[in-house]
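Report on the structure given below.
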Amino acid sequence: MSKKFVTDFTVVENKKLNSTNFLIKIKSDLILPEIKPGQFVNVEIKDASEIFLRRPFSIFEVDYKANTLSMIIKILGRGSKKLTQIEAGDSISLVYPLGKSFTYPKKNDRILLIGGGSGVAPMLFLAKESGLPIENVDILLGARTSEDHVDVHEYSNYANLHYASEDGSIGEKGFVTQHSVFTTNLKAYNKIYACGPDGMMRAIAKEAKTAEVFCEVSLENLMACGFGVCLCCIEPTNQGNQCVCTDGPVFNINELKW
Amino acid sequence: MVNLKVKLHNLEFKNPVTLASGTCGFAREIAEFYDPGLLGGHFLKGTTLKNRDGNAYPRMAETPSGMLNAVGLQNKGIDYFIDNIYPEIKDYDTQLIINVNGSTVEDYIALTEKVNELDNIQAIELNISCPNVKEGGMAFGVTCPGAEMVTREVRKVYNKTMIVKLSPNVTDITEIAKAVEGQGADSVSLVNTFLAMAIDAESRTPKLSTITGGLSGPAIKPIALRMVWQVANAVKIPVVGIGGIMNAADAIEFMLAGASVIQVGTAIFTDPMIPLKIVEGIEDYMKRHNMQSVNEIIGGLQL
């Protein structure tokens, strides 16, 4: 059993990263519980009569000394749009920490982390937490154009950064699965992790399966509660329908019916 | 010190705040936030004789002041519950009530016989109102003969407290309530969800895999409240009030309308702490109104 909390945080910063992504940093008066890459929070959307349920977001960074955590919010619908209008000093309620984390790499593992769009958040968090030397960690980021990429240059301290864009405006042109880092020698990696659009993760999973490389993906099915009681966010797996919120959101691709 | 204890037939609740089936798992999910013993009871996830995978994804859609669900009674079956879940939860200091479901009367009976053997479960909620299954479920609960038949047959094999959960998708809910009372129900709980629908206009497709689903949340509260009031006036057995309860004021309204116990449901998805706030709110209300016992609220509507 993992302890979960409903906690009011205060917004420290809401920074626009590009046309659709925002970085929201929040602070708690309480000591933060341990939070691992891949876990998520379920956020209350205040003052929006048309929005009834919370919205789930991956955790991007945790600072236990400052009692802060951050999320990258991509505007997808009414809820996320409303949330990006939040301002420093506002109060925000979280149900957290939710879900299972990625499997940590072993010492000496070579890993490839692939993030699409706002799916970069847990990938960067995992790169930082992995404790591996830079040369063992490749991060491959995909987006439609350079404008859609989130600036993450500071993560070059933790990993080799590679970019793919559909229009070729940054990095290699094409999807992440067409990028040379992905196509050259997938077997060179001990573990592949991915977070992003469904189509992207399925394409990655297919290649990882063929190459017989350990691969975990983070799913984002529609959910209501976030803690395993509503049974709405189910994903068919080898164990039957499982909850993305409690059995995931991270799944080994071999468990999925993909 | 106010007295929050209520009785439902032979069943004593330390306070009238319970959690609705399908919104509190098997109480252990709530235990990750707080002690389930702080609440009067937990109506556990709908259980069937055999494992059920439930319906296909997508199973939910947010709607104004509420949501639709079409889970379809996903559960691992009663034997899995008895072997793997019951030992973990049986000593929670609260009323644990199993929500019993079946596609056939034989299923209901076989399941109830197994539940009857569980010492720490002193009641069942007989669900004849699930709108999200093809067979059984609501089919029994929308006619008087169907509701009577299931209630009568289950009554024969169950000697503890039997609460029958009613569907609002009927012409006159008081007729169904009286029908199950006549067959030995100890209490009725109402309402289950309203059969409803949501469409994505852009893709021109239904938002649920099952096309229709059950509507819950504050959107249904005024209708549920009206039905609870009607039923409480039509039957002699105690009533459990359910439907869009989000705060203490809502809970008190249901009790004034005649509910002895209330269930908090969809509200838990928005904030799992709401049930505790409702317990505090009821205490506060009683102090403000100089009430010693919570029973003074029940049926206290002034006309």
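Letters A, B, ... mirror the listed sequences (proteins, then strands); counts begin at 1.
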Between B:Phe26 and chain A, with a heavy-atom cut-off of 4.5 Å, which part of the residue counts as in contact: side chain, backbone, both or neither?
neither

Highest number of heavy-atom pairs under 4.5 Å with chain A among B:Arg59, B:Glu29, B:Lys45, B:Met273 belongs to B:Arg59

Bottom line for B:Ile268: the part with an atom under 4.5 Å from chain A's heavy atoms is both

Okay, A:Phe5 and chain B: the region with an atom under 4.5 Å from a heavy atom over there is backbone

Could you check whether atom CG of A:Asp29 has more than 12 heavy atoms from other residues, nucleotides or ligands sitting under 6.0 Å from it?
no

Segment of B:Thr23 engaging chain A (4.5 angstrom heavy-atom cut-off)
backbone

Grab the two heavy atoms, one from A:Cys215 and one from A:Ile204, that are nearest each other, plus how far apart they are.
SG-CG2, 4.3 Å

Closest-packed option against chain B by number of heavy-atom pairs under 4.5 Å, given A:Ile234, A:Thr246, A:Asn221
A:Ile234

Are any side-chain N or O atoms of A:Glu61 and backbone N or O atoms of A:Met71, one a donor and one an acceptor, separated by less than 3.5 Å?
no

Please rank B:Pro64, B:Pro58, B:Gly217, B:Cys24 by heavy-atom pairs under 4.5 Å with chain A and give me the top one.
B:Cys24

Donor-acceptor pair, B:Asn127 side chain versus B:Asn99 backbone, under 3.5 Å?
no

Classify the ring geometry between B:Tyr86 and B:Phe81 as parallel (under 30°), tilted (30 to 60°) or perpendicular (over 60°).
tilted

Positive for side chain to side chain contact (heavy atoms under 4.5 Å, CB included) with B:Lys165, one of B:Ile242, B:Leu126, B:Ile128
B:Ile242

Part of B:Asn55 lying under 4.5 Å from any heavy atom of chain A
backbone

